[in-house]
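Right, one structure below, let's go through it.
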2 protein chains.
Amino acid sequence: MRAETIENYLKTIYNLSSDNRAVVTNQRLADRLNINPASVTEALRKLHELKYVVYEKSYGTRLTAIGSKMAIDIVRRHRIWETYLVKELGFGWDEVHEIAEELEHVKNDKLINKLAEILGNPSYDPHGDPIPDAKGKFQKNKFISLQEAKAKTSYKIMGVSDHSPVFLKYLEKNQLIIGADIFVKDVEEVDGSLLIHCNKKDVIITPKVAGNLIVKAL
Amino acid sequence: MRAETIENYLKTIYNLSSDNRAVVTNQRLADRLNINPASVTEALRKLHELKYVVYEKSYGTRLTAIGSKMAIDIVRRHRIWETYLVKELGFGWDEVHEIAEELEHVKNDKLINKLAEILGNPSYDPHGDPIPDAKGKFQKNKFISLQEAKAKTSYKIMGVSDHSPVFLKYLEKNQLIIGADIFVKDVEEVDGSLLIHCNKKDVIITPKVAGNLIVKAL
DNA sequence: ATTATCTTTTAGGTATACCAAAATTAATAA
DNA sequence: TTATTAATTTTGGTATACCTAAAAGATAAT
Ligand SMILES: [Mn+2]
Ligand SMILES: [Mn+2]
Ligand SMILES: [Mn+2]
Ligand SMILES: [Mn+2]
């Protein structure tokens with residue numbers, strides 16, 4: 001298997017299982033990777049053979065210790081590059097994910113560690129995701145999605161789970177950026193939309209947007 | 001064809017034809033790319049079909065205007081990255097070629113132009129190769145290889161044509177670095193080896209080494 | 001418990017990018 | 001010019017990473 005293919009599968013399995021710590025289904029992998037389910041089955045069989053995952057037919061997949069180590073390494077490269085592009089090279093947080101998707105595959109420890117050093121070994125990337133250190137260790141925080149928020153409660157935005165330019169530009173337009181404090185005034189029963197107060201303004205956000213905002217209760 | 005494959009072919013055709021401005025033979029491509037001649041024939045047919053090269057069967061290949069533009073763009077990315085790695089990230093000139101081989105395939109103009117800007121839009125990379133600007137323009141200098149040097153003449157080292165770590169480490173050991181002035185004391189008839197004076201020391205170098213040193217007569 | 005639906009796997013294909021061996025063509029030397 | 005050698009192309013593979021359509025398996029609904 002090509003290194004890039006392996007890396008994209010492992011990273012995606014990692015990202016899908018770290019949210020809910022469960023085994024990953026073929027369908028979710030197929031959706032996320034934009035690949036046909038039949039091809040996913042094939043790839044998982046090979047990754048199992050290579051001992052990167054434990055793939056149980058018709059049940060699901062999880063990373064082995066080796067696979068997990070590799071995945072965390074890729075995630076580190078991705079997030080260090082995103083941070084470097086924003087902090088050192090003047091890119092916007094909405095521009096970096098796509099470039100990092102390519103840069104993450106350049107495997108050179110000295111390079112990544114140097115970038116991290118220049119950045120002061122940051123703990124979080126521009127989207128609020130934690131950056132593993134060179135040994136793969138990092139903060140596992142238990143934040144919630146704003147969709148699970150209760151009315152009449154204050155929260156702080158800690159991150160975003162959708163890294164697409166269109167979503168990030170929308171957030172910026174509404175000043176819903178990392179670090180912002182928001183107060184949930186009301187949750188609409190009918191459609192799950194939220195009336196929130198943020199930056200001295202009231203904004204209504206859909207459950208879709210709320211679902212991609214990672215917050216912590218204040 | 002995969003973008004990376006196309007890019008590696010075009011870059012190599014460019015590098016092989018810029019030296020001697022002639023058409024490139026399949027064999028030289030096969031050797032340089034470490035690919036079977038039969039595969040090169042196949043690839044050239046496709047690159048011709050795609051209008052990146054003019055490939056005349058059993059004769060040779062040259063780049064079209066479009067292919068040349070692409071090749072220069074890849075060369076720019078390669079050389080900017082090599083310079084950035086050395087100047088901004090503290091790598092040795094012997095470490096960067098391999099990393100740049102991968103980074104050159106990340107196609108993002110804003111990224112490369114930003115790196116170039118930080119470097120002050122340099123004209124030469126760490127190996128003395130000229131760096132094309134964003135429009136593809138660059139100095140075409142007519143230096144010679146030290147192998148063509150005459151006895152009792154002074155030269156300045158302007159570049160190297162072998163970027164391998166082992167060769168560059170050898171040069172560094174003997175202080176045969178870019179900018180150094182050398183005086184060719186004698187050229188040995190028997191084996192073409194050169195007795196040169198450099199940095200207050202006499203050194204004997206083989207024609208192989210001399211052939212990879214690019215110099216200008218003083 | 002049976003049907004309907006959704007998920008996964010199998011089977012059979014395509015396109016890419018390689019390779020080795022043989023056949024052809026070109027270049028060089030006798 | 002005719003061998004001999006070298007370069008190139010053709011032919012017939014392989015491996016990878018996808019795909020579609022159909023079969024099989026699992027889940028949920030009646
Ligand atoms: Mn990202
Ligand atoms: Mn990727
Ligand atoms: Mn190089
Ligand atoms: Mn390359």
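A note on names: the letters A, B, ... follow the listed sequences, proteins ahead of strands, and every chain is numbered from 1.
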Surrounding CD of Glu88(A) (heavy atoms of other residues, nucleotides or ligands, distance under 6.0 Å), is the total greater than 12?
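Enclosed.
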
Matching residue for [X] among [options] - test: side-chain contact (heavy atoms from CB on, under 4.5 Å):
X	options	answer
Leu146(A)	Ile214(A), Val209(A), Ile205(A), Asn212(A)	Ile205(A)
Ser164(A)	Leu168(A), Val160(A), Val166(A)	Val166(A)
Trp93(A)	Thr83(A), Leu171(A), Asp125(A)	Leu171(A)

> First and last nucleotide of DNA chain D touching chain B, 5' to 3', heavy-atom cut-off 4.0 Å?
Replying inline: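 It runs dA7(D) to dT10(D).
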
For residues Val203(A) and Ile182(A), determine if any side-chain heavy atom of one lies less than 4.5 Å from a side-chain heavy atom of the other.
no

Between [atom2] on [N] and [atom1] on [X], what's the gap in Å once rounded to a whole number?
X	N	atom1	atom2	answer
Ile6(B)	dA17(C)	CD1	P	7 Å
Asn26(A)	dT9(C)	CG	C1'	9 Å
Lys57(A)	dT7(C)	NZ	P	19 Å
Leu33(B)	dA17(C)	CG	C1'	12 Å

Exercise for the section: Carefully, step by step, assess Asp186(A) and Ile196(A) under the rule side chain to side chain contact (heavy atoms under 4.5 Å, CB included). Expected result: CA-CA 7 Å; Asp186(A) 195 28; Ile196(A) 66 171; over 6 Å; no

When Arg77(A), Lys11(A), Arg79(A), Arg76(A) are each screened for salt bridge (charged side-chain N to carboxylate O under 4.0 Å, His left out) with Glu104(A), the one that passes is Lys11(A)

Result for ring-ring contact (aromatic ring centres under 6.0 Å, His included) between His78(B) and one of His127(B), His97(B), His105(B) points to His97(B)

(message) Just to be sure I understand the rule, does Tyr55(A) reach a base, reach only the sugar-phosphate, or reach nothing, if contact means heavy atoms closer than 4.0 Å?
(response)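 Tyr55(A): backbone/sugar contact only, no base atoms under 4.0 Å.
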
**Prompt:** Where along residues 34-50 of chain B does a heavy atom come under 4.0 Å from DNA chain D, residue by residue in number order?
**Reply:**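 Pro37(B), Ala38(B), Thr41(B), Arg45(B), in order of number.
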
